[in-house]
Protein chains: 2
Amino acid sequence: MAGHSQPVYLKLRDLIAAGIIDGTFPEGAMLPSVRALAAEQGANPLTVAKAYQQFQLDGLVEVQRGVGMFVARGAAERLRRSEREAFLANEWPQIRARMERLGLVAKDLLTT
Amino acid sequence: MAGHSQPVYLKLRDLIAAGIIDGTFPEGAMLPSVRALAAEQGANPLTVAKAYQQFQLDGLVEVQRGVGMFVARGAAERLRRSEREAFLANEWPQIRARMERLGLVAKDLLTT
DNA sequence: CATGCTGTTTGACTGCCATAATACAGCGCG
DNA sequence: CGCGCTGTATTATGGCAGTCAAACAGCATG
């Protein structure tokens with residue numbers, strides 16, 4: 001069964017990223033364990049691990065095998081910065097083009 | 001080779017939709033043939049057919065078998081309307097939430 | 001040292017996407 | 001009619017992404 005509009009591991013990734021950025025998971029704190037988050041979100045532990053993996057590679061979370069995963073120093077700031085960069089570079093241009101094609105103006109939507 | 005961020009048939013679908021909306025394919029005009037568009041875009045005719053199929057079901061293009069496919073009356077307007085609706089209902093809320101989380105403000109993005 | 005938590009690896013299965021080759025079916029025009 | 005264009009259907013193949021189950025490995029604590 002793999003018929004989702006957005007892959008589960010990406011949703012989890014966003015969930016974790018949001019938690020780090022907004023302080024739900026402060027720097028130095030231990031993140032939810034793979035199995036715990038899996039149970040809570042009704043997903044497979046491996047899928048959760050896959051979500052975490054991206055953060056490890058970027059050094060945003062530090063792993064202590066057998067103990068847990070912890071939010072690295074400066075992770076929130078670094079994460080916000082890189083997400084911003086990625087958003088402005090990749091997503092926003094397409095969004096703007098799409099809006100222009102549809103005759104929508106950002107102004108009208110942001111004043112709500 | 002099937003490692004695309006966005007499926008080919010969806011890209012083609014967008015390409016056609018854009019053409020209908022912006023008048024590249026005016027109402028009543030014949031659309032590029034399956035084989036022609038396939039050759040032009042370096043894709044498989046079947047994949048192109050799959051892209052067109054969605055429009056047929058919505059009645060936005062009318063098929064004259066053995067002749068070609070033609071842009072239906074009012075297709076541009078209907079298409080723009082439905083795309084707008086879908087955008088505002090599905091994508092825009094997520095975009096707004098994401099922007100808010102990243103601390104991005106309209107002002108930064110409205111610089112044309 | 002045994003129990004219970006942690007993360008990690010292996011192997012396999014499924015579905016979607018895309019491709020290819022072929023054949024079929026409808027229409028128009030010389 | 002026959003040729004050339006149109007869309008459509010069939011079947012088979014390959015690849016990749018997503019998900020999962022089960023076994024493996026490290027650390028802490030009673």
Side-chain angles (χ1 to χ4, degrees), chain A residues 1-17 19-20 24-72 75 90, chain B residues 1-17 19-20 24-73 75:
Chain A
M1 292 206 280
H4 305 70
S5 56
Q6 168 130 332
V8 175
Y9 82 96
L10 282 184
K11 286 181 189 169
L12 294 172
R13 185 206 153 280
D14 275 14
L15 192 71
I16 299 160
I20 292 179
T24 302
F25 306 134
E27 306 192 2
M30 176 173 162
L31 290 159
S33 82
V34 168
R35 290 177 179 81
L37 189 54
E40 177 190 321
Q41 294 293 325
N44 189 288
L46 205 91
T47 304
V48 176
K50 186 172 183 180
Y52 273 129
Q53 201 165 5
Q54 319 228 343
F55 295 112
Q56 305 176 30
L57 297 175
D58 296 342
L60 293 168
V61 306
E62 282 158 4
V63 179
Q64 289 186 32
R65 200 173 194 198
V67 181
M69 307 175 72
F70 301 83
V71 181
N90 306 327
Chain B
M1 294 215 286
H4 308 71
S5 55
Q6 170 132 326
V8 175
Y9 82 97
L10 283 184
K11 286 182 189 168
L12 294 172
R13 186 207 152 279
D14 275 12
L15 192 71
I16 299 160
I20 292 179
T24 302
F25 305 135
E27 306 193 0
M30 177 175 162
L31 290 158
S33 81
V34 168
R35 290 178 179 83
L37 188 54
E40 178 189 321
Q41 294 293 326
N44 189 289
L46 252 166
T47 304
V48 175
K50 185 172 183 179
Y52 273 129
Q53 200 165 4
Q54 319 229 340
F55 294 113
Q56 304 175 29
L57 296 176
D58 295 340
L60 293 168
V61 306
E62 282 158 3
V63 179
Q64 288 186 32
R65 202 172 190 195
V67 181
M69 306 175 73
F70 300 84
V71 182
R73 282 208 318 133

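Throughout, a chain's letter reflects where its sequence line sits, starting with A, and its residues are numbered from 1.
Rounded to an integer number of Å, the gap from B:Ile16 CD1 to D:dG7 C1' is 14 Å. One can place NZ of A:Lys11 at 19 Å from P of D:dA17, the figure rounded to the nearest angstrom. Atom CE of B:Met30 is separated from atom P of C:dG28 by 12 Å (rounded to the nearest Å). One interatomic measurement links the two molecules: CD of A:Gln54 to C1' of D:dA17, which rounds to 13 Å at whole-angstrom precision. Between the P atom of C:dT6 and the CD atom of A:Glu62 lies a distance of 19 Å, rounded to the nearest Å. Residue B:Phe70 contributes atom CZ, which lies 11 Å from atom C1' of D:dG7 at whole-angstrom precision. Put simply, CZ on B:Phe55 is 14 Å from P on D:dT8, counting in whole angstrom units. A:Gln64 places its CD atom 12 Å from the P atom of C:dT8, with the value rounded to the nearest Å.
The side chain of A:Val67 sits closest to D:dA28 out of D:dA23, C:dT10, D:dA28. When the nucleotides D:dG7, C:dA20, C:dG7 are ranked by their closest atom to the side chain of B:Arg65, D:dG7 comes out on top. For A:Leu46, taking side-chain heavy atoms from C-beta onward, the closest of the listed nucleotides D:dT6, C:dT19, D:dA21 is D:dA21. Of the candidate nucleotides C:dT6, C:dT19, C:dA23, C:dT6 has the atom nearest to the side chain of A:Ser33. Closest approach to the B:Val63 side chain among C:dC17, D:dT8, C:dG7 is made by D:dT8 (side chain taken as heavy atoms from C-beta onward). Counting only heavy atoms from C-beta on, B:Arg35 has its side chain closest to D:dG7 among D:dG7, D:dC20, C:dT19.
Counting non-hydrogen atoms under 4.0 angstrom, B:Tyr52 reaches nothing in the nucleic acid. Contacts of A:Gln56 with the nucleic acid, taken as non-hydrogen atoms under 4.0 Å apart, involve only primed sugar atoms and P, OP1 or OP2.
At C:dC17, none of the side-chain N or O atoms of B:Gln6 fall inside 4.0 Å of OP1 or OP2 (strictly under the cut-off). Not one side-chain nitrogen or oxygen of A:Lys50 sits closer than 4.0 Å to the OP1 or OP2 atom of D:dT19. At the phosphate of D:dT19, neither OP1 nor OP2 sits under 4.0 Å from any side-chain N or O atom of A:Asn44. Residue B:Thr47 places at least one side-chain N or O closer than 4.0 Å to OP1 or OP2 of C:dT19.
The minimum heavy-atom distance linking A:Ala51 with A:Arg13 is given by the pair CB-N, 3.9 Å. The shortest heavy-atom contact between B:Ala75 and B:Glu27 is N-OE2, 3.8 Å.
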For A:Gln41 and A:Leu15: C-alpha separation, side-chain torsions, deciding distance, then whether side chain to side chain contact (heavy atoms under 4.5 Å, CB included) applies. CA-CA 10 Å; A:Gln41 294 293 325; A:Leu15 192 71; 3.7 Å; yes
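With A:Tyr52 as reference, A:Leu37 is the one residue of A:Val63, A:Leu57, A:Leu37 to meet the side chain to side chain contact (heavy atoms under 4.5 Å, CB included) rule. Only one option out of A:Phe55, A:Phe70, A:Phe25 pairs with A:Val61 in a side chain to side chain contact (heavy atoms under 4.5 Å, CB included); it is A:Phe55.
When the nearest nucleotides of DNA chain C are assigned to A:Gln53 and A:Gly66 by heavy-atom distance, the more 5′-ward of the two goes with A:Gly66. Judged by closest nucleotide on DNA chain D, B:Ala49 is the one of A:Gly42 and B:Ala49 placed further toward the 5' end. Residues B:Tyr9 and A:Met69 each lie close to DNA chain C; by heavy-atom proximity, the contact nearer the 5' end of the strand is made by A:Met69.
Side-chain N or O atoms of B:Asp58 include none that pairs as donor or acceptor with a backbone N or O of B:Leu60 at under 3.5 Å.
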